[in-house]
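Lettering follows sequence order; numbering is per chain, from 1.
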Amino acid sequence: MEYNFREIEKKWQQTWKESGIYQVSNSFEKPKYYVLDMFPYPSGAGLHVGHPLGYIASDIYARYKRLKGYNILHPMGFDSFGLPAEQYAIETGQHPATTTENNIANFKSQLDKIGFCFDWSREIKTSDPEFYRWTQWIFLKLFKSWYNNENNKAEPIETLIKEFAGNGAQRLQQSDHSFSADEWKSFDEEKKHEILMDFRLAFSSYGEVNWCEALGTVLANDEVVNGVSERGGFPVEKKKMRQWYLRITDYAERLLKGLETVDFSDAMKEMQRNWIGRSEGAEMRFSILNNPLSIEVYTTRPDTIFGVDFLVLAPEHELVNQLITEEQRQPINEYLTYVKSRSDRERLAEVKQITGCFTGSYAINPFDGKQIPIWIAEYVLAGYGTGAIMAVPCGDQRDFDFAIHFNIPITNIIGKDFNGNEANPTKEAILENSGFLNGMLMKNAIGVAVNKIEELGIGKRKVNYRMRDAGFSRQRYWGEPFPIIWSEGIAVPMDEKELPLELPFVEKYGPGKNGEGPLSNLVDWVNTSSGKRETSTMPGYAGSSWYFLRYMDPHNNDTFADKKITDYWNQVDVYIGGTEHAVGHLLYSRMWTKFLYDFGLISFEEPFKKLVNQGMITGKSYFFMLNRIHGDKIVSYNSQNTSNAFVRLKYAHQFISNDFKLTKKTLDDQVEKGIVERPSYEIVWEKDGDEEFVFLKEESEKMSKSKFNVDNPNDLVDKYGADTFRMYEMFLGPVEQSKPWDTKGIEGVHRFLKKLWRLFFDDSSFFSRGKMSGGEAIWNEEKPTFAELKMLHKTIKKVEEDTDRFSFNTAVSAFMVCVNELTDLKCHKREILEPLLILLAPYAPHIAEELYHVIGNSDSILNAVFPESENKYLTETEKEYPVSINGKMRTTMIISLESTQQEVEKMVLSNPIVHRWIDSKPIKKIIFVKNKMVNVVV
RNA sequence: ACCCGGGUGGUGGAACUGGUAGACACGCAGGACUUAAAAUCCUGUGAUCAGCAAUGGUCGUGUGGGUUCAACUCCCAUCCCGGGUACCA
């Protein structure tokens with residue numbers, strides 16, 4: 001019988017589906033394990049090669065854990081709200097709900113073909129009202145809460161109202177508000193709401209937002225890349241609008257701390273830390289000469305206070321107008337006009353340009369009374385710290401450049417550590433010219449200076465975060481509507497019982513007036529008896545911030561997920577997805593989880609215990625950088641990124657060491673002489689300054705479109721089967737590594753499966769003229785030999801270890817070694833093959849299931865138990881040890897594991913080959929490392 | 001510029017805490033079976049030198065140096081590639 005993967009895979013996929021074998025129960029007897037993929041956005045293009053990589057990895061892991069006796073939650077769903085569906089709707093007139101449904105159906109059928117063990121009964125769609133009902137519910141919860149810094153957790157807004165009624169805003173010091181309890185009571189409703197809005201975790205405010213004219217919507221910071229929209233690449237500008245925000249900054253510290261408790265890659269943690277951008281420093285006030293005003297600056301280096309030569313305000317700073325002296329009014333206005341004329345994009349592109357303008361006013365250094373000029377400049381950002389800085393040119397390069405450019409005298413406070421040509425940002429120098437800080441090491445002076453500042457009452461310690469509050473509204477149609485009604489300027493939350501607030505049907509998806517969303521066009525919907533509905537919708541990350549909780553209890557009508565059930569499933573044990581969500585989705589979902597935890601709605605604070613980042617499947621790279629030339633000299637040789645290295649450089653190493661001169665002419669010569677093989681590729685020389693690069697360019701025809709068409713997952717599954725496809729994607733390399741997509745090697749994996757098949761069926765005499773004949777089952781019940789058992793148990797151990805550490809590529813290799821070996825041994829014994837099939841089941845479930853039944857099992861292999869590797873087959877009493885002389889391997893010797901050092905030395909000394917190599921030199925010592933090697937030092 | 005990650009045959013990639021570098025697979029070359037093709041199987045395959053041969057020598061994990069009996073692995077310096085961040089005071 002032939003390995004007919006098409007029939008086998010179809011059969012089992014159907015059987016599994018019908019038997020509901022993947023359905024997960026919430027029975028709490030078994031230990032649980034939660035394996036989750038980042039759910040996809042169901043784009044119209046369907047699945048591409050990059051998608052399945054992570055899904056296959058998680059599927060293998062989930063199946064593996066199942067064989068190990070765990071109750072597995074391994075669900076899948078769709079992040080089905082989002083911009084592309086809406087864009088598509090605008091272009092084609094089809095309703096996003098329709099296109100999304102179609103796309104999801106397409107995705108599901110493609111996913112099923114690969115044989116994933118998803119429990120579709122738990123499927124989630126973020127655009128499903130039954131799902132977004134709870135997204136809205138959590139939003140309302142956020143709206144009705146504030147972050148209490150004293151208790152370090154979120155609390156109902158009522159506790160804040162109580163605080164205000166009892167103590168006013170005095171005690172809290174969490175905002176710029178200051179009023180007494182009596183004042184609070186005297187405020188009218190609108191004023192009270194306005195104040196409360198400054199505390200709510202989901203709040204509305206006027207703010208500068210990233211407005212994208214072309215998309216007609218507001219974008220989050222992480223949706224803007226280099227001043228243009230991430231999607232579409234349209235220009236983005238700043239605009240003041242009423243927007244909803246999440247007060248994620250209140251969670252900054254906990255988001256930072258929480259990183260220590262989770263198993264993410266260092267790179268991922270670092271990215272999140274950078275994004276949060278914590279810095280410790282101080283805020284301090286400078287009074288102004290002949291002016292009652294004062295300016296607050298933020299600095300991380302209060303130790304440099306005596307080196308301040310000027311202050312700089314952001315052009316947008318609110319005090320600018322009041323600081324301008326008459327004679328400076330003209331130039332300042334010109335400068336402000338100039339700044340306004342520049343888009344964010346320009347500002348980003350020309351960071352090195354130094355611009356600025358003197359205001360005419362002077363501040364007074366509180367420590368030495370020195371008068372310091374106040375400037376405004378673009379390089380100070382309004383949004384960070386206080387929007388004003390104290391400039392210390394000898395310690396900060398930007399301040400230095402600015403001082404030089406505008407001829408501002410520089411004070412040196414670090415003596416010889418400042419060379420006058422560039423700033424020195426060290427903390428290790430001894431302070432000079434620094435009043436009470438003289439003679440101190442800078443890093444020690446920081447604390448002293450802050451203490452003094454606090455003592456004098458001119459400032460205080462302050463921790464700043466780079467992270468901004470997250471914009472939470474979009475002027476779009478295809479998203480969750482806000483359950484908010486505006487009544488006389490007050491945002492009134494809808495009653496929870498009225499949820500979900502369903503997204504109304506619209507005919508047209510165009511924006512409303514004044515940049516409002518399409519919903520604003522639905523007059524009947526917007527106007528209610530109690531006021532006007534909020535017309536923006538929630539952003540894409542709303543649903544994805546908590547979806548992993550809903551999988552646990554997807555059909556609950558009373559709550560987003562039952563507490564008993566979330567207690568059982570708890571954290572996601574392994575979360576698999578791309579790095580691109582490092583600062584968006586992952587931070588938001590971590591925040592939502594912490595928020596729900598604060599209210600005792602779930603009992604874990606971090607959603608994802610372990611995160612695995614699958615690498616990207618990249619397109620092929622067309623260039624191969626051969627060498628880098630600097631004048632006549634080769635600076636380096638780099639053989640990396642050579643996926644298309646069709647060129648054989650025979651003397652690559654000599655190339656360097658012989659100081660071989662490479663010029664265009666000599667390379668041409670090499671090609672001619674055949675040193676560089678396959679000269680059918682074009683050699684391209686490019687100059688960059690005085691450096692020259694050599695590229696070898698593949699002829700473009702080789703990458704024709706027809707070739708790409710073969711490379712989509714469906715076609716590969718059709719041609720080789722799901723099992724081959726699964727194993728091949730794993731075999732390509734480590735899951736976490738990016739790699740170019742290449743289908744060259746898939747035949748090898750397919751061959752492996754056929755080889756496995758032939759351990760069970762003889763096909764030596766099979767078909768001629770398209771007809772099958774022969775091919776009997778050849779598996780048998782004979783007793784396995786020691787060698788066969790050894791092979792099996794070695795494989796069990798290896799596959800187990802590799803699967804545990806997500807090293808699927810090496811596990812696949814282990815299978816290949818095992819099957820090759822069993823073929824050589826002509827081993828067709830059930831006792832060996834059956835455990836092997838169970839090992840293989842997570843990787844290639846269809847063929848494993850089929851053969852499992854062939855050898856007489858009636859239950860599904862999914863319910864099998866992962867075999868244990870028995871030590872008695874793995875440990876040996878004797879081992880062949882490598883023997884080296886002075887570290888160089890020369891021979892091997894069979895040594896018993898029980899041997900002592902003395903016995904080994906004796907054996908070594910009597911070995912003739914060792915003697916030959918030692919060549920009668922005196923032996924200094926013999927090193928014997930048990931289980932590893934023997935080395936003789938002479 | 002800064003912060004992470006990386007550099008191993010013609011290619012993808014193995015080598016877990018230093019201990020026989022190149023597992024496994026692709027590709028390539030040769031052979032077997034076949035009228036032929038496909039499929040399958042066998043052999044070889046880092047470079048280089050010596051030998052009819054078995055075999056053996058030398059060099060080899062971007063480059064230069066160091067530690068060690070022993071380095072892909074640890075340390076220092078340097079070049080290159082990939083990712084992230086970017087006037088954050």
Side-chain angles (χ1 to χ4, degrees), chain A residues 265-271 273-275 277 279 281 297-301 312 347-348 351-352 377-381 383-386 388-392 396-399 464-466 579 582-583 616 618 625 628 635-654 656-657 677-678 728 731-734 736-740 742 744-749 751-752 754-755 758 763-764 766-767 801-802 805 807 809-810 812-817 820 880-892 924-927 929 931-938:
Chain A
S265 70
D266 290 341
M268 179 61 57
K269 289 187 181 182
E270 197 59 29
M271 261 187 249
R273 283 196 197 104
N274 280 343
W275 186 263
S279 69
V297 302
Y298 176 72
T299 179
T300 54
R301 297 296 302 274
V312 189
R347 264 173 95 158
L348 276 170
V351 282
K352 297 219 170 69
E378 273 188 299
Y379 84 92
V380 174
L381 307 173
Y384 185 77
T386 60
I389 62 156
M390 55 182 230
V392 183
D396 184 291
Q397 192 58 42
R398 292 157 305 170
D399 297 345
N464 254 329
Y465 299 94
R466 219 183 63 176
T579 341
V583 291
M616 302 223 284
T618 56
M625 188 170 147
R628 189 176 187 143
V635 178
S636 76
Y637 170 75
N638 194 315
S639 62
Q640 208 212 342
N641 197 12
T642 54
S643 61
N644 280 353
F646 28 74
V647 174
R648 173 173 296 168
L649 257 179
K650 282 190 176 165
Y651 305 117
H653 292 285
Q654 281 92 330
I656 302 300
S657 52
E677 292 184 357
R678 300 214 207 174
Y728 180 63
F731 187 66
L732 267 177
E736 315 210 356
Q737 191 179 304
S738 287
K739 50 216 155 220
D742 203 327
K744 276 197 310 219
I746 198 165
E747 297 275 358
V749 175
R751 256 193 284 262
F752 154 75
K754 285 198 274 194
K755 229 167 172 173
R758 286 199 304 274
D763 67 351
S764 56
F766 76 104
F767 63 117
E801 280 171 5
D802 288 349
R805 62 186 175 107
S807 179
N809 56 328
T810 51
V812 173
S813 296
F815 284 120
M816 291 178 172
V817 172
N820 285 346
E880 192 175 25
Y881 277 78
V883 178
S884 21
I885 318 289
N886 282 345
K888 186 119 202 151
M889 201 280 199
R890 295 302 182 188
T891 181
T892 60
K924 285 195 191 128
K925 61 177 163 180
I926 295 173
I927 295 157
V929 185
N931 265 320
K932 300 242 164 129
M933 48 71 67
V934 179
N935 189 20
V936 183
V937 188
V938 294

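- At a threshold of 4.0 angstrom between heavy atoms, the contacts of Lys924(A) with the nucleic acid are absent.
- Side chains of Thr810(A) and Ser807(A): a donor on one and an acceptor on the other come within 3.5 Å.
- For the OP1/OP2 pair of C26(B) and a distance below 4.0 Å, the side-chain nitrogens and oxygens of Arg751(A) include at least one atom meeting the criterion.
- Evaluation of the ring pair (Phe, Tyr, Trp, His ring centres under 6.0 Å) rule for Tyr881(A) yields Phe928(A) as partners, not counting sequence neighbours.
- Distance, Glu378(A) CD to A86(B) P: 17 Å, rounded to whole Å.
- Applying the 90° criterion around 0 to the glycosidic angle, G9(B) comes out syn.
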Show me the protein contacts with nucleotides 56-59 of chain B, counting only N or O atoms at under 3.5 Å.
none

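- Nearest nucleotide to the side chain of Arg805(A), out of A15(B), C24(B), A89(B): A15(B).
- For Phe752(A), there are no ring pair (Phe, Tyr, Trp, His ring centres under 6.0 Å) partners, not counting sequence neighbours.
- The side chain of Asn820(A) contributes an N or O atom lying less than 4.0 Å from OP1 or OP2 of A25(B).
- Using N1 to N3 plus N6-O4 or O6-N4 for Watson-Crick, or N1-O2 and O6-N3 for G-U wobble, each under 3.5 Å, A23(B) pairs with nothing.
- Nucleotide U58(B) forms a pair with A47(B), judged by Watson-Crick or G-U wobble geometry with both contacts under 3.5 Å.
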